[in-house]
Amino acid sequence: MGFSGHLPHRPPPRRAASRWKVPGLTRAPPARSLRPRPFPRRQIPRKMAAVVRSDAGAPVDLPPSSSSSSSSSGDSEVLTVLAVQPGGKVVAELVGAFNELTERMGSTALSTCSTRLLFRCLKLSIPLLRALPSGPDGRPPLARALAVACTLADLQMDAEIISAGMMRVVLEAGATTLLEVKKYVGVGTAHLLHECLRIRKLRSKVEELHDDSASALRKFCLSYYDIRAVVLELAFRLDRMRHLSYLSRYHQQRLALEVMKIYAPLAHTVGASALSLELEDLSFQYLFPHSYLYIDAWLRSHEIGRASVDMYREHLLESLIRDDELSCLVDDITIKGRYKSRFSTMKKVLKDGRRPEDVHDVLGLRVILNPRPAENTEERGRQACYRTHEVIKSLWKEIPSRVKDYVARPKANGYRSLHVAVDVSDDGKPRALMEIQIRTTEMDALAAGGAASHALYKGGLTDPSEAKRLKAIVIAAAELAAIRLSDPASSNNRIGAEIDRRDRMFRLLDKNGDGKISIEELTEVMEELGAEGDNAQELMQLLDANSDGSLSSDEFDSFQRQVKVLRNLEDEDDQYRTMLGEKLQATDSTSLIRVYQKELGDKLAVM
């Protein structure tokens with residue numbers, strides 16, 4: 001049971017001969033040219049009216065801009081061009097996707113090599129993905145690829161894995177080959193894609209899927225495949241599980257069973273607990289829909305979720321910081337929160353015939369203490385754990401029967417921690433008990449990565465030698481990728497935390513490094529994206545506020561802000577569409593409304 005919680009379920013981003021022998025393929029699939037055909041030419045006047053067209057073809061007036069602000073009028077023109085001009089739209093896709101991925105990755109994973117690799121990948125993949133038809137789930141391929149890439153970025157994966165996530169959709173559609181990915185993107189990305197194609201055949205290695213065969217498959221996967229390719233496969237599995245509504249009931253349950261038996265425990269084993277928790281819950285939802293609804297309703301009725309966990313975590317942290325005695329023992333306090341997934345709650349309910357009210361660790365906090373240096377640091381850590389226990393008892397009512405002192409009496413595998421359960425009910429409203437684990441940084445390191453690792457236990461690896469070997473493999477893969485993507489120590493143009501996020505894309509487009517984007521540089525990137533040169537001239541005229549024939553950093557930043565506005569509007573539209581769809585499906589179960597899927601969209605017929 002991980003403490004990282006669920007991945008933030010953000011709406012999917014907008015539309016957005018090989019030298020390796022792939023198992024099951026004797027020859028590479030036919031590839032489309034990496035140079036997509038230019039978009040149809042479309043003349044849009046420089047001073048055009050701020051009018052766009054709805055899906056039905058009727059003109060829709062944009063909100064009038066303020067007469068006192070010329071920049072507002074210019075912004076309206078740019079937004080209009082981005083909405084209707086093919087060249088402007090594809091550049092907006094490139095800028096928006098790059099900025100979103102780099103923001104999610106965090107500064108530690110962003111070197112000059114990483115951002116350039118990501119930029120090359122997006123320039124290659126976006127036009128190819130835009131040219132592909134929608135998938136069987138109705139989503140554009142670009143939306144699917146970016147959704148997977150964002151999941152990987154949220155997991156703080158490196159640029160090679162994220163690029164492989166984008167290119168895999170292109171590769172599976174036959175629009176490129178591994179050799180072309182190696183040439184235009186990079187060797188590391190091509191290697192990960194090759195490993196992913198091997199992992200796709202994993203299920204066919206057994207005839208019958210049961211606990212023993214699933215465990216054997218997981219160990220085989222961890223032993224013979226690149227660990228980063230395993231994480232990539234898990235991200236694709238999660239994306240597919242989020243969009244299974246188009247499949248028949250049988251196929252939904254078959255895929256959910258594979259995920260429950262193989263991929264969710266595998267995610268635990270490689271340390272991606274956020275992936276594992278969501279994979280378990282989605283599989284549970286498809287395998288046992290009625291039980292899922294029952295557990296979900298009970299958890300919601302007790303207000304069990306991220307908000308309540310965060311509230312308790314902040315309250316406890318403030319109390320521990322204010323405690324003078326504890327401050328003398330430790331120099332740092334970290335508290336992590338989690339709430340039990342629907343699937344984990346269901347297992348607890350089924351165990352020994354429990355009722356939901358008897359599940360005592362639905363909410364959980366983990367307090368990690370860093371003892372101050374001393375002659376006997378271990379003893380000081382023990383004292384800090386017990387002092388923290390006293391503070392907790394002063395805040396909430398403790399359940400004595402639920403106290404487990406593994407600090408004084410460690411488990412056989414070396415696990416040490418102090419577990420307590422408290423009653424957090426207030427205002428007469430009953431709530432589930434909250435479990436709190438108290439440990440030092442040394443104890444936490446053993447539990448997280450050593451033989452006592454809970455993730456390894458969840459993944460079925462309880463042998464200490466296996467755990468040690470797996471940890472070494474994961475660390476080696478991460479270190480190798482970090483070295484390959486790191487910048488030289490003498491690099492003067494490093495793109496890292498010290499450089500403003502808004503300048504990353506600007507520096508990549510400014511190829512000659514003169515501090516501005518010329519019309520030649522803009523034309524080159526638009527032609528690489530499949531647009532015509534005339535589109536670049538028109539976009540330059542709109543963005544060039546001082547009419548000097550080039551784009552400064554400030555002018556390009558204004559363009560990036562407008563792209564972000566459009567993407568936010570589209571994301572909100574996706575959210576509302578999803579919410580409406582869920583409500584309509586709930587109403588449909590009462591036979592009041594039926595939803596018919598037609599080529600032109602959802603048509604509602606009120607019965």
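Just so you know, residue 1 is the first one in the sequence shown, and it goes up from there. None of these values were measured; they are calculated from a predicted model. Because only heavy atoms are used, hydrogens play no part in the values below, and waters and symmetry mates are left out as well, while side chains stay in.
- Separation of atoms CZ (R130) and CG (L529) is listed at 9.0 Å; rounding is to 0.5 Å.
- At a threshold of 4.5 Å between non-hydrogen side-chain atoms, the residues L287 and Y292 do not count as touching.
- A perpendicular orientation is assigned to the rings of F98 and F119, their planes being inclined by more than 60° (bins at 30° and 60°).
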One pair to check against side chain to side chain contact (heavy atoms under 4.5 Å, CB included): Y184 and C121. What are the steps and the verdict?
CA-CA 8 Å; Y184 292 100; C121 168; over 6 Å; no
Please lay out, stage by stage, how F506 and I517 fare under the test side chain to side chain contact (heavy atoms under 4.5 Å, CB included).
CA-CA 8 Å; F506 179 81; I517 301 174; 3.6 Å; yes
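- The shortest distance between side-chain heavy atoms of M443 and Y415 does not fall below 4.5 Å.
- In this structure, NE2 on H191 lies 8.5 Å from NE2 on H194, to the nearest 0.5 angstrom.
- Checking side-chain atoms of T115 against main-chain N and O of T112 turns up a donor-acceptor pair under 3.5 Å.
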Residues Y263, M241; criterion side chain to side chain contact (heavy atoms under 4.5 Å, CB included); working and verdict:
CA-CA 11 Å; Y263 296 100; M241 289 298 296; over 6 Å; no
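- A salt bridge does not link K564 with E100: every distance from a Lys NZ or Arg NE/NH1/NH2 to an Asp or Glu carboxylate oxygen is 4.0 Å or more.
- Atoms NZ and CD, from K123 and E528 in turn, are 3.5 Å apart once rounded to the nearest 0.5 Å.
- Residues L132 and A173 share a closest heavy-atom pair of CD1-CB, 3.6 Å.
- In this structure, CG in L193 is found 8.5 Å from CZ in R168, a value given to the nearest 0.5 Å.
- Under the 4.0 Å criterion applied to side-chain N and carboxylate O atoms, R144 and E172 are assigned as salt-bridge partners.
- Remark: I519 CD1 to M526 CE distance equals 8.5 Å, nearest 0.5 Å.
- No side-chain heavy atom of M166 sits under 4.5 Å from any side-chain heavy atom of V170.
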Residues K511, E521; criterion salt bridge (Lys or Arg N to Asp or Glu O under 4.0 Å); working and verdict
CA-CA 7 Å; K511 292 189 174 181; E521 290 168 333; over 6 Å; no
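- V91 is listed as a side-chain neighbour of V95, based on a closest heavy-atom distance under 4.5 Å.
- The backbone N or O of I161 lies less than 3.5 Å from a partner atom in the side chain of D158, making a donor-acceptor pair.
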If you apply the rule side chain to side chain contact (heavy atoms under 4.5 Å, CB included), what do you find for V169 with F236, and how did you get there?
CA-CA 10 Å; V169 180; F236 270 92; 3.9 Å; yes
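- Counting only heavy atoms from C-beta outward, the side chains of L94 and V525 approach each other to under 4.5 Å.
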Salt bridge (Lys or Arg N to Asp or Glu O under 4.0 Å) between R342 and E278, intermediate numbers included
CA-CA 9 Å; R342 272 58 179 161; E278 189 170 353; over 6 Å; no
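- Proximity of a side-chain donor or acceptor of D281 to a complementary backbone N or O of F343 within less than 3.5 Å is detected.
- Put simply, the side chain of R120 gets close to the backbone of V185: a donor and an acceptor are under 3.5 Å apart.
- Scanning both residues, C196 and A229, for their nearest heavy atoms gives SG-O, 3.8 Å.
- At distances below 3.5 Å, at least one donor-acceptor pair connects side-chain atoms of Q252 with backbone N or O atoms of L244.
- Closest heavy-atom contact between M105 and L118: SD-CD2, 4.1 Å.
- A donor-acceptor pair is defined here as one N or O able to donate and one able to accept, closer than 3.5 Å; no such pair exists between the side chain of S341 and the backbone of L277.
- When every heavy atom of A235 is checked against every heavy atom of T151, the shortest pair comes out as CB-CG2, 4.3 Å.
- Between S163 and L117, the shortest heavy-atom contact is OG-CG, 3.8 Å.
- Side-chain atoms of Q560 never come within 3.5 Å of backbone atoms of M505 as a donor-acceptor pair (strictly under, hydrogens ignored).
- To the nearest 0.5 Å, the span separating CG on L232 from CD1 on I199 amounts to 8.0 Å.
- Side-chain contact between L275 and R237 is absent, with no heavy atoms from C-beta onward closer than 4.5 Å.
- Contact annotation: the side chain of E180 never approaches that of K183 to less than 4.5 Å [non-hydrogen atoms, C-beta and beyond].
- The minimum heavy-atom distance between L178 and A190, with the atom names listed, is CD2-O, 3.7 Å.
- D239 and R139 are joined by a salt bridge, as a carboxylate oxygen and a charged side-chain nitrogen come within less than 4.0 angstrom of each other.
- A 4.5 Å side-chain heavy-atom check between I162 and L101 finds at least one atom pair inside the cut-off.
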